[in-house]
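Notes follow once the structure below has been shown.
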Amino acid sequence: MSLITLQSVKKDFGIKEILKDASFGLDATDKVGLIGTNGSGKSTLLKIIAGLEPIDGGQILVNSGAKIVYLPQQPDLDENHAVLEQLLADSGEKMALVHEYEEISDQLARYPEDNQLMSRLCVVIQRMDAIGAWELETNAKIILAKLGIMDFDAKISTLSGGDRKRIALATALLSEPDLLLMDEPTNHLDANSVEWLQSYLNRYRGALLLITHDRYFLDRVTDRIFEIDRGDIYIYSGNYSYYLEKKAQAEEAAISSQRKFQGVLRRELEWLKRGPKARSTKQKARIERIRDMQAKEFKQPQGKVDISTPSRRIGKKVIELKHISKAYNGRNLIKDFTYEFNPEDRIGIIGGNGVGKSTLMDMIAGRVQPDTGSVEIGATIHIGYFDQHSEELLTALNANQRVIDYIKEEGEYVKIADGKQITASQMLERFLFPGNQQYVPIHKLSGGEKRRLFLLRVLMSAPNVLILDEPTNDLDVQTLAVLEEYLEDFNGCIIVVSHDRYFLDRTVDTIFAFEEQGNIRRYPGNYSVYLDYKKAEEEKQPANINTKEKPINYQTQTTETQPKQTTNKKRLSTWERREFEQLEDRIAKLEAEKAETEKAMVNVPAENYTQVQKLYEQVEKLKQAIDMATERWLELAEIES
């Protein structure tokens, strides 16, 4: 069943044509990833489908009754709401029934003999059963907890931007729409939350259209890819890996076709130069064909960011952290951490939200002073800091400044890696800012374009230590791929905070993991190797407890002594397997008992309030038992799978 269809849709912002002639449909079970360079119109397309952005031509057909929910990058929440209140505010009929049930229950507590109230309560209970309203609050709390939000009573006004984005994400998931539109849903999520969201969307029964820079996420969630390229939309029937393969084949075929076309045109022009007399109709037609061929324009392969920026020498002493500690409001973020960075370091810093990753980066850069200990920076060190809030700062300080003027502040001319000197304008073109866009004010750029512009400014300063705080947020996948290649050849030290598993696997060889009480632990290898270490630790943990062996100290282990990657999985014990098999029957029996009790409750006369209340309490106990049994079954099933 088609939920929405776009027919020859056009969108033009004047300086840029976003959609030329977009035509496609989304079916009820589609899982689509939307990709394209920053500023290509990805977010605009989501807003068009959500009905928030008008079109300049064509038409959009929406299936009547289809529920569409849009999750923007910057959600608009009610500042006066508490977290749980915000989630339940958009739950429509379910929440209205919950409120009605609570209101009637309060009245019955005061007037227990009121038969009219009892009749209303029975009707409400039946409707709540029919649409599954009983689980609304429970599901809301489960989703919030999985996304790292534990204080359900906190006011929205007191929360960070990242927390607000997670609450908006939870609200969108709880609404269970027919079509879910998501703009960078993994921004501000830690790795565990991203894994959970990935699993949730894999089970999601509705349609999905999302923008994300997380290529592992894109690969594992989507089954179609839409690419926006200079106003055109190209559709690929597969995940991100399939897209990469077919995209490469298409570009090769296009280059081959263009080469053949140029060969034919060259031969035809040689014939024309020989001066054939236009005596016959065939000759006239041939001359017309040549003119048409000369006028034909080929769409060149999509531009890629060219990161070829200046560099400078790096000395032996880089940055030394000596017993640094930092606490805020009595909470230890970093505790007695010592490390000496070397020129070849590729460090990835990971941990949950709010544990102190950005604080550590700020101390390394000298922006924040430690409470104890010291930070020593080498004399030859020039730090380039790519902050996760760079585009916000850029807009605040330089909103009306032209793009070209902002870059010229770093230099009118740039000496690039191969020794050539180019202008600031040429450098901007290499970063996919064409001439007409170089003279627009910065506030006219998209969020991703502002990030790309700030990245260019950072790299033009010729750093020999790069500090990248969530560099993948809002950068398109094409730019990320080029940035990863650049970092591989970067002559200096790289320190990265990121939740992007793919990016960490490509760019780092050591992991700093934030653990409890402000402790930072070092693991050799990239993020996937770190996961192998953690899995090995978890499997060894029971044995360590029983034999009182000392856990493996990965902090002092070198890459040469890394344990080999293992595919061994934890297996169910005999007792757990018996429990797993029995749980399935138990859940089925509980479900049947619940259905019978609910049926009995409906058949009880309205005036028999005591019996209705008794049966209702029994239903609630059965629901709780089902939830507990199901949660345990899922735990065991995960081990078994």
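Numbering of residues begins at 1 and proceeds along the displayed sequence. Every heavy atom of this structure was used, including side-chain atoms; hydrogens, water molecules and symmetry mates were not.
Checked against His213 for a side-chain contact (heavy atoms from CB on, under 4.5 Å), the options Thr479, Asn473, Leu218 give a single hit: Asn473. Of the options Val69, Val221, Leu201, Leu46, a side-chain contact (heavy atoms from CB on, under 4.5 Å) to Met182 is made by Leu201 and by none of the others.
Salt bridge absent: Glu184 and Arg451 never bring a charged side-chain N and a carboxylate O closer than 4.0 Å. Using a 4.0 Å cut-off between charged side-chain N and carboxylate O, Glu17 and Lys10 make no salt bridge. Comment: Arg215 engages Glu484 in a salt bridge, judged by a side-chain N to carboxylate O separation of less than 4.0 angstrom. Checked for salt-bridge contact, Glu470 and Lys357 miss the test: no charged N lies under 4.0 Å from a carboxylate O.
Within the 3.5 Å criterion, the main-chain N or O of Gly435 finds no donor-acceptor partner in the side chain of Glu429. Looking at Lys20, its side chain never comes within 3.5 Å of a backbone N or O of Asp12 through a donor-acceptor pair. At least one donor-acceptor pair closer than 3.5 Å links the side chain of Lys326 to the backbone N or O of Gln369. Under a 3.5 Å cut-off, the side chain of Asn464 and the backbone N or O of Arg313 do form a donor-acceptor pair. Of the possible polar contacts, one joining the Arg164 side chain to the Leu159 backbone as a donor-acceptor pair under 3.5 Å is found. Formation of a donor-acceptor pair under 3.5 Å by the Asn526 side chain with backbone atoms of Val529 is found in this model.
Nearest approach of Val496 to Met361, heavy atoms of both residues: C-CE, 4.1 Å. In this structure, Met363 and Ile334 approach most closely via the heavy-atom pair CE-CD1, 3.1 Å. When all heavy atoms of Thr222 and Tyr240 are compared, the closest pair comes out as OG1-N, 4.3 Å. Residues Ile364 and Ile383 approach most closely at O-CD1, 4.1 Å, considering heavy atoms. Contact between Phe503 and Thr507 at its shortest, heavy atoms only, is O-OG1, 2.7 Å. Residues Ile467 and Ala365 come closest through the heavy atom pair CD1-CB, 3.9 Å.
Contact of the Tyr533 side chain with the Ile511 side chain is not registered, since no non-hydrogen atoms from C-beta on lie closer than 4.5 Å. When side chains are defined from C-beta on, Ile381 counts as touching Val318, because their heavy atoms get closer than 4.5 Å. Counting only heavy atoms from C-beta outward, the side chains of Lys444 and Glu449 never approach each other to under 4.5 Å. Side-chain contact between Leu197 and Leu173 is present, with heavy atoms from C-beta onward closer than 4.5 Å. Within the 4.5 Å cutoff, no side-chain heavy atoms of Leu19 are placed close to those of Ile55. Looking at Thr472 and Asp214, their side chains never come closer than 4.5 Å, going by heavy atoms from C-beta outward. Side-chain contact between Lys247 and Tyr234: absent, with no pair of heavy atoms (C-beta onward) separated by less than 4.5 Å. Two residues are said to be in side-chain contact when any heavy atoms from C-beta on lie closer than 4.5 Å; Tyr339 and Ile520 fail this criterion.
Using cut-offs of 30° and 60° for the angle between ring planes, the Tyr236 and Tyr243 rings count as perpendicular. Below 30°, between 30° and 60°, or above 60°: for Tyr216 and Tyr502 the angle between ring planes is above 60°, a perpendicular geometry. Ring planes of Phe490 and Tyr486: tilted class, angle from 30 to 60°. Classification of the Tyr200-Trp196 ring pair by plane angle, with boundaries at 30° and 60°, yields tilted.
A distance of 8.0 Å separates OG in Ser461 from CG in Leu466, rounded to the nearest 0.5 Å. Separation of atoms CD1 (Ile49) and CG (Leu34) is listed at 8.0 Å; rounding is to 0.5 Å. Residue Leu468 holds its CG atom at 10.5 Å from CD1 of Ile349, rounded to the nearest 0.5 Å. Here CG of Asn400 is found 12.0 Å from CG of Asp405. Values are rounded to the nearest 0.5 Å. Glu488 contributes atom CD, which lies 9.5 Å from atom CZ of Arg346 (distance to the nearest 0.5 angstrom). Atoms CD1 and CZ, from Ile495 and Phe341 in turn, are 4.0 Å apart once rounded to the nearest 0.5 Å.
Within a 6.0 Å sphere centred on CG of Asn491, other residues, nucleotides and ligands contribute 12 heavy atoms or fewer. For Tyr413, the OH atom sits in a loose shell: 12 or fewer heavy atoms of surrounding residues, nucleotides or ligands are nearer than 6.0 Å. Within a 6.0 Å radius of NZ in Lys31, more than 12 heavy atoms belonging to other residues, nucleotides or ligands are found. For CG of Asn202, the number of neighbouring non-hydrogen atoms (other residues, nucleotides, ligands) closer than 6.0 Å is greater than 12.
Geometrically, Arg457 engages Tyr406 in a cation-pi contact defined by less than 6.0 Å to the ring centre and at most 45° from the axis. Remark: Arg367 qualifies as a cation-pi partner of Tyr385 under the 6.0 Å distance and 45° angle criteria applied to the six-membered ring.
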Checklist entry - Asn332 and Ser325: side chain to side chain contact (heavy atoms under 4.5 Å, CB included), yes or no, with the steps? => result CA-CA 8 Å; Asn332 283 330; Ser325 297; over 6 Å; no

Checklist entry - Given Leu531 and Arg501, is the side chain to side chain contact (heavy atoms under 4.5 Å, CB included) satisfied, shown in steps? => result CA-CA 11 Å; Leu531 290 180; Arg501 302 156 293 176; over 6 Å; no

Next on the checklist: Does Val375 form a side chain to side chain contact (heavy atoms under 4.5 Å, CB included) with Leu321? I'd like the steps, not just the answer.
Outcome noted: CA-CA 5 Å; Val375 178; Leu321 309 179; 3.8 Å; yes

Checklist entry - What do the steps show when you test Ile48 against Ile18 for side chain to side chain contact (heavy atoms under 4.5 Å, CB included), and what is the final call? => result CA-CA 11 Å; Ile48 287 172; Ile18 299 298; 6.0 Å; no

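Residues Tyr527 and Asp500 bring no donor and acceptor atom of their side chains to less than 3.5 Å of each other. A donor and an acceptor atom, one from each side chain of Asp190 and Ser193, are located under 3.5 Å apart. Side chains of Asn38 and Ser446: a donor-acceptor N/O pair is absent below 3.5 angstrom, by distance only. Arg203 and Ser199 are linked by a side-chain donor-acceptor pair at a separation below 3.5 angstrom, with hydrogens and angles left out of the test. A side-chain donor from one of Gln73 and Asp183 sits under 3.5 Å from a side-chain acceptor of the other.
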